[in-house]
2 protein chains.
Amino acid sequence: MTIHDVAAAAGVSISTASKALNNTGRMGAETRERVKRIAGEIGFRPNALARGLLSKRSFTIGLLTNDTYGRFTLPVMAGISEALVDHGVSVFLCAIEDDPALGQVHVEAMLDKQVDGIIASGKRLDRRLPVDLSSLPVPVVYAFTEGTENSVTLRSDDAQGARLAVEWLAQLGRRRIAHITGPEDFFSVRERSSAYREVAGDFEPVLYGIWAESWGHEAVGSIWGRPGEKPDAIFCGNDQIARGVVDALRERGIRVPEDVSVVGFDNWEIVAAQTRPPLTSIDMGLKELGREAGLTVLALAEGRPIEPGVRKLPCRLVVRQSCGGMSPTE
Amino acid sequence: MTIHDVAAAAGVSISTASKALNNTGRMGAETRERVKRIAGEIGFRPNALARGLLSKRSFTIGLLTNDTYGRFTLPVMAGISEALVDHGVSVFLCAIEDDPALGQVHVEAMLDKQVDGIIASGKRLDRRLPVDLSSLPVPVVYAFTEGTENSVTLRSDDAQGARLAVEWLAQLGRRRIAHITGPEDFFSVRERSSAYREVAGDFEPVLYGIWAESWGHEAVGSIWGRPGEKPDAIFCGNDQIARGVVDALRERGIRVPEDVSVVGFDNWEIVAAQTRPPLTSIDMGLKELGREAGLTVLALAEGRPIEPGVRKLPCRLVVRQSCGGMSPTE
DNA sequence: CTGAAAGCGCTTACAG
DNA sequence: CTGAAAGCGCTTACAG
């Protein structure tokens, strides 16, 4: 089924058929309708390859990611796809681990296929993908990974997210708020911990460790193991740590949230919802970030002007039960 | 940079350039080499759109999935991508939730883009995707979702996986093996539980429930709450249930694996590795399944004959610490 | 051994 | 108001 078939069936030339279907050119309204009707009847669908050859637009973009685990990329991906499907744009998925050679292969495959743009996504704000995207013939948007000079980069506003968490604890009457978090060499850890310090003061030095339940456990052990006043709230660097913290507190007979409020970060459903009690957490809005990234490459691909630089997207507090209190929005 | 530029720079016609680059036709070896060298120098890369228009092959396939969560699809996806990237095939990701209209939109977008084939993937062996793929003009392979009559379907061998688990427990000397699992209306639950019964006998009726830690907890409560001999091993329907079971046992002062061995299913790293002790679990080999699915659509797309029907891929036992014992392969 | 020509399926000036 | 022609970037019979 090609446009030839449509033209033949409608008794017009292929140029007329084309113009009828694209609502361009000038012709009798009745001719246009007839062509359209017949195209519908015989199930004509234009070949995107042929169309792309002419228009220099493939209605295709590539998503490059090194987050094989999918924890961060998955929501970003969902957002991108959701935003673009309405515009007829499809997404190539390119998982490159941390392999530069594999990255190169995927980038070349994408360019061969004439993608209209590329979104680079990662699992860390302060790391680059292992492939150079700085001088490609197509626009590139960085989402949740470090971009190059003068690029467009989208990231979550971790400082604002941390403030949200700590202010929520303060608002619930908590005054002795501790902070147990991940490795200090993570940019987001530093962002979150300085925001924490601004709001909470320095009741307790920040406890840096690793992104694991076991570290949450261990940190609770060390806080409760030494003398002195105990926290009445703990702001955790991610949900896994928070889960370890909650479990450790329960094992010590400390009630959450009655005695101690706990708030996590990431709002990772599988962890946050299965914790007893379920975790109040900060959501980085990765799906929204993906949506924005999608619309941004699209704009760039269409030649619309986009201000380069880093754009921070706001985080959101998701209230469950580990802090007490009720969602301010409910 | 088009083939015209290559031809001009090499001083040959575009047909000769094309043949030189594709190693077809006949020409002086030296001409061929010169064309190739020049193409390399000016960085020529053939336009896949133009090529696809002629060859009727886009070197593109579509992955349709309703597993937004990504738990099952993610490894399948990784396998597909890994298998196909070497063949120059790129993958369109189409997340359709359970929305038939969205599914339709994605299928049409893929067909417009002339995909060489489609892989349909899901989160349940006994459910169909909400879109009819039975009479498409391109080959379809079903992976971890129910296929249509006479289609090619790839799935894990859940019965074999369950046997693996129970035999492992038996081999460790466990004789009173219980089975706590998910909802009975899941095909995979029935597969696993009948395999369990075959091997373990009926020491204890199978406990059906939901796929959650809380159910693992509760089930342990009910087994240990009533009189009679207690199990010395528990085979769980998935890792979340297993984690609930392990936590509940620990809270009762029952040692894992000394008193009771526990084995999970899915080998979901984030759950299995964070459990204390880490879970021995059954891996469904979803990445391998993805790889197979990729190679299978590819074969179909190239017209190679593939036997229709359901192909079951073997599961694998991953030994951690929740059963005791050491991996048979180590 | 090499090149001119036709064609993949479509769109878009340009004539009429 | 409608159609013939050229062309997007490539490949492939077919002549020479």
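Only this structure's heavy atoms are used, side chains among them; waters, hydrogens and symmetry mates stay out. Just so we're on the same page: letters track the sequence lines, and every chain starts at 1.
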Lys/Arg cation over aromatic A/F186: A/R124, 6.0 Å, 45° cone: yes

Separation of D/dG16 P from B/R26 CZ (nearest whole Å): 19 Å

Just list the side-chain donor-acceptor pairs under 3.5 Å for residues 75-95 of chain A, sequence neighbours left out, or say none.
from, atom 1, to, atom 2, distance (Å)
A/E82, OE1, A/K287, NZ, 3.1
A/E82, OE2, A/R291, NH1, 2.7
A/S90, OG, B/K113, NZ, 2.8

Distance-only check: which donor-acceptor pairs under 3.5 Å involve side-chain atoms of residues 41-50 of chain A, not counting sequence neighbours?
from, atom 1, to, atom 2, distance (Å)
A/E41, OE2, A/R37, NH1, 3.2
A/R45, NH1, B/E108, O, 3.2
A/R45, NH1, B/D112, OD1, 2.7
A/R45, NH1, B/D112, OD2, 3.1
A/R45, NH2, B/E108, OE1, 3.4
A/N47, OD1, A/L49, N, 2.7
A/N47, OD1, A/A50, N, 3.2

A/N66 (side chain) donor-acceptor with A/I96 (main chain) under 3.5 angstrom: no

Salt bridge B/E292-B/R311, side-chain N to carboxylate O under 4.0 Å: yes

Note: A/R57-A/E302 ion pair, threshold 4.0 Å (strictly below): yes

Watson-Crick or G-U wobble mate for D/dT2, both contacts under 3.5 Å: C/dA15

Pairwise P distance for D/dG7 and C/dA4, with rounding to whole Å: 16 Å

Per-nucleotide protein contact string for nucleotides 9-14 of chain C (B base, S sugar-phosphate only, - none; heavy atom under 4.0 Å): BBBBB-

Touch class at under 4.0 angstrom, heavy-atom based, for A/T31 against every strand present: sugar-phosphate

